[in-house]
Asker: 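What follows is a single structure, and I will ask about it in a moment.
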Protein chains: 2
Amino acid sequence: MWLNYIVNTYSFMTEHEMNTEQKILDAAKDVFQQKGLTGARMQEIADKAGINKALLHYYYRTKDKLFEKVFEIAFSLFIPRVKEMMGSDRPIMEKIAFFVDNYLELLNKHPYIPGFIISELNRNPQILVNIIEKNIQIKQNRLIELLDDQIQKEVKAGIIKPISAKNLMTNVISLCIFPVVARPILQGIIFDNNKKEYDIFLKERKEFVKDYLINSIKA
Amino acid sequence: MWLNYIVNTYSFMTEHEMNTEQKILDAAKDVFQQKGLTGARMQEIADKAGINKALLHYYYRTKDKLFEKVFEIAFSLFIPRVKEMMGSDRPIMEKIAFFVDNYLELLNKHPYIPGFIISELNRNPQILVNIIEKNIQIKQNRLIELLDDQIQKEVKAGIIKPISAKNLMTNVISLCIFPVVARPILQGIIFDNNKKEYDIFLKERKEFVKDYLINSIKA
DNA sequence: CCTACCTTTGACCAATTGGTTAAACCAAAC
DNA sequence: GTTTGGTTTAACCAATTGGTCAAAGGTAGG
C-alpha cells in the first residue's frame, strides 16, 4: 500500500470497500505514473486491480476523476513535505541537511512520483490551481518570506554568504530531484546505461549534495 | 522554423516538399510537446500544419515514426550541445561559465523541449537506446573521462576543490534545467503563480547560477 | 425467509482515432 | 496537349476506448 490516505479520509468504510478502493488506487497509481493520463487505459487499471472495468466507474465515475485523486495523493506526498521540513526554527544549515536527508529518502521510496507530477503539470498546469484551491495550506508564500527573513539574518550575522530564499530553495530542490527525474538521460549518457552504477551514484550523492550545498553557502 | 534539420538532411528535395515537410514537423513538434505521444492527435497535427490528415501519413507512415523524428530532432538540439560545450580545452571554470551562458540561452529559446524529452523518456526509455544506436557520436563516456582527468589535474593544482566530473556535470545540468522543467510547480508554489515574477527570476538566475557554481568549486 | 441496499459483473454502445484507398490534382518532360 | 510522376484530398474502415445499464451476487436486519 503506497499511502494510507483512504484509511484516514474514509474511516467509516467497511474493510471490504476499503480494500477494493485501495486496490484501485494502487493500480491506478502504477498505470498513470508509467503511462500518464492520456496513455493510461481504464481496462488496464481494472485488470491490475483485479476487478471489472465497470466497477472502476462505480467508484470513480470518470477517468479524469480517478486521475485527479491519484495526482492529488502523489502531490500531497511530495509538496507539503517541503513546508514541514523547512518550517522549523533551526539554523539554515541544519535545515538543509535535514531536508536533503529526508527528501532523498522519500525520493528513493517513490522515484517516479516527481516525474509524474512534473509531466502532468506541464501538460495541464490548471490541475495545480484546483489542488491549491481545495487545499489552502499548500500555499507556501509565507514559508518563503519567513525563510528569507531567517536567511538574511544569518547573512548579516556572517554565518552564511548572501543568497535569496528563492534561489536557495530552487538550488536545493533542483539538486535533489533532477537526478531522479532525468535518470534515463543521465544514466544513458553519462553512465552508458549502467543501472547499478547509477544506483550507486545516487546513493553516494546523498552525502555529497548535503556537503556541497552547505559548503556553498558557508561564509 | 524551429530547426533547419530537414534542409541539411534532404537537400535534394524541391522547395515545395520541403515546405510541407517542415510545416508538418513544426506542427508535430508543437502538438507532441504539449500533449505527449499518447495525447497527441494526428488530426490536430494535420490541422495545425494546414494539410489533410492523409498527407501526414503520406510523409510519415505512422504516428510513431513521426514522433520518433520529432523526438530525435529535439534530442539532438539539446544533448550533443553538452559535449560541444564541455569538450574544449579551457579551464573548468571557464567551461562552466560558457556552458551556463549558452545552455540557459538555449533553454530560453526552447523551454518545453527538456520537459518533453524527460517525460517521453521516462515513459519509454527504449527510445534513447535506438537514438544512441543510430547516432554513435552521442555517446559521451569519453567526454566524462576526459573531463574528469582535467578536473583532477586542476584539483591537484589547487585551483578547484575536490569533485568528480559526474557530480559536477550533474550539478551544472540540474541547476540549469530543473527550474525550467519544473516551472509549473515552482512558479505555483513559490511565486504564487505570478508568471512575470518567475520570468524575472529565471532571467536573474542566469548570472546567479554561474557565480554560484564557480564559487562552489573555487579552492 | 425475505427485503433492502450496496457491490460486482458481462454485455453493450457511441465516439474517437490511427490508418487506408482510390481518385483528383498539378507541374514538368516530351 | 498528353503523358508521367509525385502530391493532395475526401471518404471510408476497423479497432480501441471511456462509459453505461440492467441484472446478478452478496449481506445485514427484520
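Worth knowing before you read on, the calculation uses all heavy atoms, side chains too, and leaves out hydrogens, waters and symmetry mates. Below, chains carry the letters A, B, ... as their sequence lines are ordered, and counting in each starts from 1.
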Asker: Does anything in residues 40-48 of chain A come within less than 4.0 Å of DNA chain C? Heavy atoms only, and list the residues if so.
Answerer: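 Under 4.0 Å from DNA chain C: no residue of residues 40-48 of chain A.
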Asker: Using the side-chain heavy atoms of B/Ala54, tell me which of these nucleotides is nearest: C/dT8, D/dT9, D/dG18.
Answerer: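 Of the options given, the side chain of B/Ala54 lies nearest D/dT9.
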Asker: If the cut-off is 4.0 Å, is A/Thr62 near the phosphate of D/dG18, judged by side-chain N/O to OP1 or OP2?
Answerer: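 Answer no for this pair, as no side-chain N or O of A/Thr62 is under 4.0 Å from OP1 or OP2.
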Asker: With a 4.5 Å cut-off on side-chain heavy atoms, are A/Ile45 and A/Lys48 touching?
Answerer: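 With C-beta onward as the side chain, the pair stays apart.
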Asker: I need the CD1-P distance between B/Ile51 and C/dA24, as an integer number of Å.
Answerer: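 For the pair B/Ile51 CD1 and C/dA24 P, the rounded distance is 21 Å.
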Asker: Between A/Tyr60 (OH) and D/dG19 (P), how many Å, whole number?
Answerer: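 The distance from OH of A/Tyr60 to P of D/dG19 comes to 15 Å, rounded to the nearest Å.
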Asker: Go through the steps to decide whether A/Asp199 and A/Lys203 satisfy the test salt bridge (Lys or Arg N to Asp or Glu O under 4.0 Å), and finish with yes or no.
Answerer: CA-CA 6 Å; A/Asp199 277 331; A/Lys203 210 172 171 184; over 6 Å; no
Asker: A/Asn52: which residues meet the side-chain hydrogen bond (donor to acceptor under 3.5 Å, both in side chains) condition with it, sequence neighbours left out?
Answerer: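 A/Asn52 satisfies side-chain hydrogen bond (donor to acceptor under 3.5 Å, both in side chains) with no residue once adjacent residues are dropped.
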Asker: Taking donor-acceptor contacts at under 3.5 Å, does the side chain of B/Lys63 reach the base of C/dG19?
Answerer: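 No, no donor-acceptor pair under 3.5 Å.
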Asker: Using side-chain hydrogen bond (donor to acceptor under 3.5 Å, both in side chains) as the criterion, list what pairs up with B/Thr38, not counting sequence neighbours.
Answerer: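 side-chain hydrogen bond (donor to acceptor under 3.5 Å, both in side chains) check on B/Thr38 returns A/Thr38.
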Asker: Calculate the interatomic distance between B/Tyr59 atom OH and C/dG18 atom P; express it in whole Å.
Answerer: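 It works out to 20 Å between those atoms.
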Asker: How close or far is atom P of D/dC21 from atom CG of A/Asn52, stated in whole angstroms?
Answerer: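 Whole-Å distance recorded here is 15 Å.
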Asker: To the nearest angstrom, how far is A/His57 atom NE2 from D/dG19 atom C1'?
Answerer: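 About 5 Å, once rounded to whole Å.
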Asker: Ring pair (Phe, Tyr, Trp, His ring centres under 6.0 Å) with B/Phe178: which residues, sequence neighbours excluded?
Answerer: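 Scan of B/Phe178 (ring pair (Phe, Tyr, Trp, His ring centres under 6.0 Å), adjacent residues dropped) gives none.
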Asker: Between C/dG19, C/dT8, D/dT9, which one does the side chain of B/Leu55 approach most closely?
Answerer: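 The nucleotide sitting nearest to the side chain is D/dT9.
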Asker: Does D/dG6 have its OP1 or OP2 closer than 4.0 Å to a side-chain nitrogen or oxygen of B/Tyr58?
Answerer: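 So the side chain of B/Tyr58 is outside the cut-off, no N or O lying under 4.0 Å from OP1 or OP2 of D/dG6.
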Asker: Measure NZ/A/Lys53 against C1'/C/dT9 and give the value in whole Å, please.
Answerer: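 That distance rounds to 12 Å.
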Asker: Can you give the donor-acceptor pairs under 3.5 Å from side chains of residues 78-86 of chain B to other protein atoms, not counting sequence neighbours?
Answerer:
| residue | atom | partner | partner atom | Å |
| --- | --- | --- | --- | --- |
| B/Lys83 | NZ | B/Gln137 | O | 3.2 |

Asker: Is there any salt bridge (Lys or Arg N to Asp or Glu O under 4.0 Å) pair reaching into residues 109-118 of chain A, and which pairs are they, with sequence neighbours excluded?
Answerer: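 Of all non-adjacent pairs touching residues 109-118 of chain A, none passes salt bridge (Lys or Arg N to Asp or Glu O under 4.0 Å).
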Asker: Measure CD/A/Glu21 against P/C/dC6 and give the value in whole Å, please.
Answerer: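 Computing the A/Glu21:CD to C/dC6:P distance gives 15 Å.
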